[in-house]
S.K.: 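This is the structure I have questions about; it appears just below.
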Amino acid sequence: MTLDKNFDPAAIEARWYEHWENKGLFRPERDDREPFTIVNPPPNVTGSLHIGHALDNTLQDIIIRHERLKGKDALWVVGMDHAGIATQMVVERQMNERQQKRTDFTREEFVEKVWEWKEESGGTITQQLRRLGCSMDWSNERFTMDDGMNEAVLKVFVDLYNEGLIYRDKRLVNWDPALKTAISDLEVETVDVKGQFWHFKYPLADGVTLADGRDYIEVATTRPETMLADMAVAVHPGDERYKSIVGKEVVLPITGRRVPIVADEHADPELGSGAVKITPGHDFNDFEVGKRAGFAAGEMLNMLDGEANVCQTADGLVPDEFIGLHRFRKEGVDGARELVVQRLKEQGFLIPHISKNKDGEEIQHDAEPRTIATPFGDRGGVVIEPWLTDQWYVDAETLAQPAIEAVKSGAIEIVPKSWEKTWFNWMENIQPWCVSRQLWWGHRIPAWFDENGQIYVAMDEAGAQAQAGAGVLLSRDPDVLDTWFSSALWPFGTLGWPEKTKDLERHYPNDLLISGFDILFFWDARMAMQGIHFMKDVPWKRLYLHGLVRAEDGSKMSKSKGNVVDPLGLIDQYGADALRFFMAAMESQGRDIKMDDKRVEGYRNFATKLWNASRFCEVNGIGASNTLAAPKAALPVNRWIISEVVETQRALDKALADLRFDAAANTIYHFTWDRFCDWYLELTKPVLQGEDAAAADETRIVAGWVLDQIIVMLHPFMPFITEELWHAMGERSYDLIVAKWPEPKAEIDAQAKAEVDWLIKLVSELRSVKVDLNISPGTKMTAHVRDGDDELEAKIARQGAALDRVGRLEAISFDAAPDGPSAQIVVDGATYVLPLAGAIDIDAEKARLTKTLEAAQKEAKSLSGRLGNPNFVEKAKPEAVEKARADLADKEAEAERLQAAINRLG
RNA sequence: GGGCGUAUAGCUCAGUGGUAGAGCACUUCGUUGACAUCGAAGGGGUCGGGAGUUCAACUCUCUCUACGCCCA
């Protein structure tokens, strides 16, 4: 097989992916090997691959391919999330386009349509993950609503209920009036918006007055409409202004409701008038105040329906003109808020806000402008309404304790460690988790009610009926569970739980979880809680959190900003390998990644470089190696490159073990390009083309082996090009994806390393001198060595061909240089005098040498200064002192030779 | 208000208790038959400000400033 002149990623990617998948190589049979397990964060069935997925999945694939190459039974579990709200919204939107709505159908019909949509259009992302090269186990692809997961979800719900860790409760929830469902605290996003602060007079009942004679109490609010459901006015118990009226009542304007004045710490005497209106049914703080004031949750007045329109309160006091109005101005139409303000103003209960304009004139406003931290639903996008309903709650506080302990004890290692604090802070202040959703798409809650409202929780209706007794009429709770309730079970539900399967036994706990920090609470924390509770062990031993991929300017990517980068476009342009390598190289712990196309292009170039190096090998008879261990080698350059492989592999393994993806990528990148391509292949050209057949054979064998090691070590990062080259370089008995990770069984050869390092330094100096003296790079030169020894002479003899070919140094003599113009270089204690044909620019050469001399002198001076400090010699580590002494000697010797060289110039 | 993070070359970022590195960009040169998606040689930073610990700090501590994120 001959490699094409140009590398075309598109031509090979699909072919290799299909090959791997069809041959089942993502999950080879390895029951006898050590297991290694990662579960993929199940993407939403509605989703398509975005740049964040590309990062997340590339990192996971690097790890799983690395472990697979190391021979482990590497399992990467994959599947999709039913994404309750998101999916229901997609299908409803499509219905709207056809002038239909969800409620035109029965629940069963609607759910059936969602399934149809899921089968037809859902899961685009799974094809896109394949394009990225991700080697997950598709043969066992899961879904959060497949039979096995259903079973797991039901069991978890029933068990938690029976243990008292799931309960039904009436309290305020975050209600999304757009989606008409409860949502959890995490799904609420608080945003600062410009709003207004109104001040009202609430008249005191029964002729009561304050000390100053006022017959009203002043309250202020950002939500005037809720006064229709006010049930109290609170003042601080220590507030002297109001002490006399605690226990008295006010008569609310508009409704005429008589409500008590209560003392409660919640009222801040410093804020406004110090008195606050209390609406327990529509405000979380007021709910608590209401409870303390003795109202039961069931007594708290509700004035809004599920769409946040005004409805009549239980006491019937809301005037008809308010009924049906939206809570506030919506789509240009005034709502209850505006009408309340208008009526209060008309009736003289509004206290105007006075401001001064720039001329010092007073201006009256209805309200004071103010920035208000306002809760929005993350999906529905409208203001959340605290609403009093019956919902199901998980006792998260109890479940969190072992999850906190797991991180404290090290059973779970969080990487980077800085996230531990966030984990603890959240877990230690965790609130009950509202898990019921008023949706149709999702896991229906396995709870049944009888006609008296008695609850029966069971795996199925028969079980509930058995509990209730024959003949009792039961109806099932219509609600479904929060999507995250099921994905929390992913690390064990996908392995067969509650069945005791072999997979479950072998692959739980998972070894590693890689996720973005944005789902730390939503998903990671809940997996930890559920996993530990049901499996009695942590879900994963390590948790790696990565950042966000940002736009080139550092801003967050969003559709509305139009700055979203499509990973598939990048794959089309540069190849999947280049995009993957970019992700790895940019992933340093604890930092977001800024998108940079130029850098992706750079890694495309890297792939091309490797391709061309392989072509060079191919035409020089270098091919697939037949040994895993490093070949025996005599030539220093071969011994050197083998040592470099050993060092590279050590550094790479360490970086991957530490989850330092950037260090790992850079290690293999620089070895391949700088060491192998730029030096090794250049230095061995004269050997390959030389007379010494034995040396050439050795070099071909070593070069083939090194290229193999590169291909294997690079495979986790760039799976496609490496698999292509693996096969192109020779006959293989297995595919690269299941090849063996390097085991060079060789040590670092210090002697060879020193020799090649010297050679590289000398060649670099030779090149440098030519540029400085304006000598054409191809010019062949001769050198006369001063201060050389036998060892140097031997080295020069061994490397003569390389010096000639790569250094353009055709002869080296140990005789004194002839008189006449020459350039001089100093390398490792010897001076090389390079006679030049014709005149040279003496000043340029002098300047060049002087610059080098000054650098050496500067360093020598700094070192001698340090060594001259008795404190340094006494207190510093002996190694540091030794090194300083050695460095000083070197630098002084170098400076001396350079000075001599300058002197010789006259 | 609480917590976390970041400030290093023009840009994007690594980095170590012993006076700094990469990629891109920039400058100059280059057809030594793998590669111009390339090669060679360079220029460019007192590592945000201040104080402290230390023989020695870009690296540790404190503080200030700026920016970002999360929570309340």
Side-chain angles (χ1 to χ4, degrees), chain A residues 3 5-9 185-186 188-190 373 416-426 429 517-518 520-521 547-548 550 552-556 574-575 578 582 585-620 622 660 662-663 665-666 669-670 673-674 677-678 681-682 685-686 689 763-780 804-808 858-859 861-863 865-877 879-881 883-884 887:
Chain A
L3 290 168
K5 184 154 172 24
N6 293 308
F7 169 53
D8 177 14
D185 297 345
L186 287 179
V188 176
E189 285 171 0
T190 307
K417 205 173 163 54
S418 54
W419 284 102
E420 279 185 2
K421 207 156 193 171
T422 308
W423 178 273
F424 294 138
N425 284 346
W426 189 71
N429 298 295
F517 63 72
D518 50 330
L520 175 62
F521 304 142
L548 255 48
R550 296 179 167 276
E552 204 135 3
D553 63 359
S555 63
K556 221 166 162 170
Y574 301 111
F582 166 80
M586 297 305 286
E587 175 59 20
S588 60
Q589 291 179 3
R591 197 164 186 143
D592 287 345
I593 292 178
K594 276 186 201 154
M595 203 51 230
D596 182 358
D597 285 16
K598 293 291 287 178
R599 192 118 181 188
V600 183
E601 184 185 343
Y603 293 124
R604 187 273 319 261
N605 295 352
F606 174 58
T608 307
K609 183 76 183 175
L610 176 66
W611 184 263
N612 283 313
S614 303
R615 284 178 59 222
F616 170 81
C617 288
E618 192 177 45
V619 300
N620 281 281
I622 295 162
R660 287 305 307 248
D662 55 344
N666 285 327
Y669 176 94
H670 284 113
W673 201 317
D674 303 348
C677 292
D678 287 349
L681 291 185
E682 294 304 324
K685 276 176 184 172
Q689 290 150 18
V763 170
S764 300
E765 283 292 319
L766 287 163
R767 286 168 174 170
S768 180
V769 82
K770 283 181 184 162
V771 170
D772 287 343
L773 298 182
N774 220 352
I775 298 163
S776 132
T779 309
K780 292 261 191 180
D804 184 7
R805 171 77 178 255
V806 185
R808 314 300 288 163
K858 191 179 163 202
E859 273 200 60
K861 194 179 162 198
S862 154
L863 287 163
R866 205 188 304 163
L867 285 162
N869 178 352
N871 281 326
F872 173 68
V873 182
E874 280 167 34
K875 297 187 184 174
K877 285 175 296 189
E879 308 92 83
V881 178
K883 186 176 183 307
D887 288 353

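Lettering of chains follows the sequences in order, A, B, ..., and the numbering in each one begins at 1. These figures come from a predicted structure and were not determined experimentally. Scope of the values below: all heavy atoms of this structure, side chains included, with no hydrogens, waters or symmetry mates.
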S.K.: With both distances under 3.5 Å as the test, what is the Watson-Crick or G-U wobble partner of rG39(B)?
M.R.: rC29(B)
S.K.: Counting the atoms with a prime plus P, OP1 and OP2 as sugar-phosphate, which does W673(A) contact under 4.0 Å by heavy atoms, base, sugar-phosphate, or nothing?
M.R.: sugar-phosphate
S.K.: Both distances below 3.5 Å, Watson-Crick or wobble geometry, any strand: find the nucleotide opposite rA66(B).
M.R.: rU6(B)
S.K.: Which nucleotide in the set rG3(B), rA41(B), rA34(B) lies at the smallest distance from any side-chain heavy atom of S764(A)?
M.R.: rA41(B)
S.K.: Could you give the distance separating rC38(B) and rC24(B) at their P atoms, to the nearest angstrom?
M.R.: 8 Å
S.K.: Look at all strands and tell whether T422(A) reaches a base, only sugar-phosphate, or nothing, counting heavy atoms closer than 4.0 Å.
M.R.: nothing
S.K.: Give one of base, sugar-phosphate or nothing for C677(A), where a contact means two heavy atoms less than 4.0 Å apart.
M.R.: base
S.K.: Give me the distance, rounded to whole Å, that separates rC58(B) from rG49(B) when you measure between the C1' atoms they each carry.
M.R.: 14 Å
S.K.: Rounding to the closest angstrom, what is the interatomic distance between rA14(B) and rU53(B) at atom P?
M.R.: 31 Å
S.K.: Between K598(A) and E601(A), is there a salt bridge with N-O shorter than 4.0 Å?
M.R.: yes
S.K.: When we call it a touch if two heavy atoms are under 4.0 Å apart, what does R591(A) touch: a base, just sugar-phosphate, or nothing?
M.R.: sugar-phosphate
S.K.: With sugar-phosphate meaning primed atoms plus P, OP1 and OP2, does N774(A) contact a base, only sugar-phosphate, or nothing at under 4.0 Å between heavy atoms?
M.R.: nothing
S.K.: Taking the six-membered ring of F872(A), is the NZ or CZ of R866(A) close enough (under 6.0 Å from the centre) and on axis enough (within 45°)?
M.R.: yes
S.K.: For rU37(B), does the base pair up with any side-chain atom of R604(A) as donor and acceptor (N or O, under 3.5 Å, distance only)?
M.R.: yes
S.K.: Validate the cation-pi geometry between K685(A) and F616(A): distance from NZ or CZ to the six-membered ring centre under 6.0 Å, angle to the ring axis within 45°.
M.R.: yes
S.K.: Taking rG45(B) as the reference, what is the distance to rU8(B) when you measure between their C1' atoms (whole Å, please)?
M.R.: 8 Å
S.K.: Determine whether a donor-acceptor pair (one donor, one acceptor, N or O, separation below 3.5 Å) exists between the side chain of K609(A) and the base of rC35(B).
M.R.: yes
S.K.: How about N774(A): does its CG atom have over 12 heavy atoms from other parts shown lying under 6.0 Å from it?
M.R.: no
S.K.: Return the 5'-most residue of the pair D674(A), K877(A) with respect to RNA chain B, ranking by each residue's nearest nucleotide.
M.R.: K877(A)
S.K.: Think W611(A) has a side-chain N or O under 4.0 angstrom from the OP1 or OP2 of rC38(B)?
M.R.: no
S.K.: Less than 4.0 angstrom from a charged side-chain N to a carboxylate O is my criterion; do K594(A) and D592(A) meet it?
M.R.: no
S.K.: Kindly point out which of rC24(B), rA34(B), rU12(B) is positioned nearest to the side chain of K594(A)?
M.R.: rU12(B)
S.K.: With a 4.0 Å cut-off on heavy atoms, is K883(A) in touch with a base, just the backbone sugar-phosphate, or nothing at all?
M.R.: nothing
S.K.: Go nucleotide by nucleotide along RNA chain B from the 5' end; which of K421(A) and F606(A) gets its closest nucleotide reached first?
M.R.: K421(A)
S.K.: Reckon D596(A) touches a base, only the sugar-phosphate, or nothing at all at heavy-atom distances under 4.0 Å?
M.R.: nothing
S.K.: rC35(B) and rA40(B): how far apart are their P atoms, nearest whole angstrom?
M.R.: 15 Å
S.K.: How close do L766(A) and V769(A) get, counting heavy atoms only, and between which atoms?
M.R.: O-CG1, 3.1 Å
S.K.: Applying a 4.0 Å non-hydrogen cut-off, can you work out what E682(A) is touching in the nucleic acid: base, sugar-phosphate, or nothing?
M.R.: base
S.K.: Which is true for R615(A) with a 4.0 Å heavy-atom rule: it touches a base, it touches only sugar-phosphate, or it touches nothing?
M.R.: sugar-phosphate
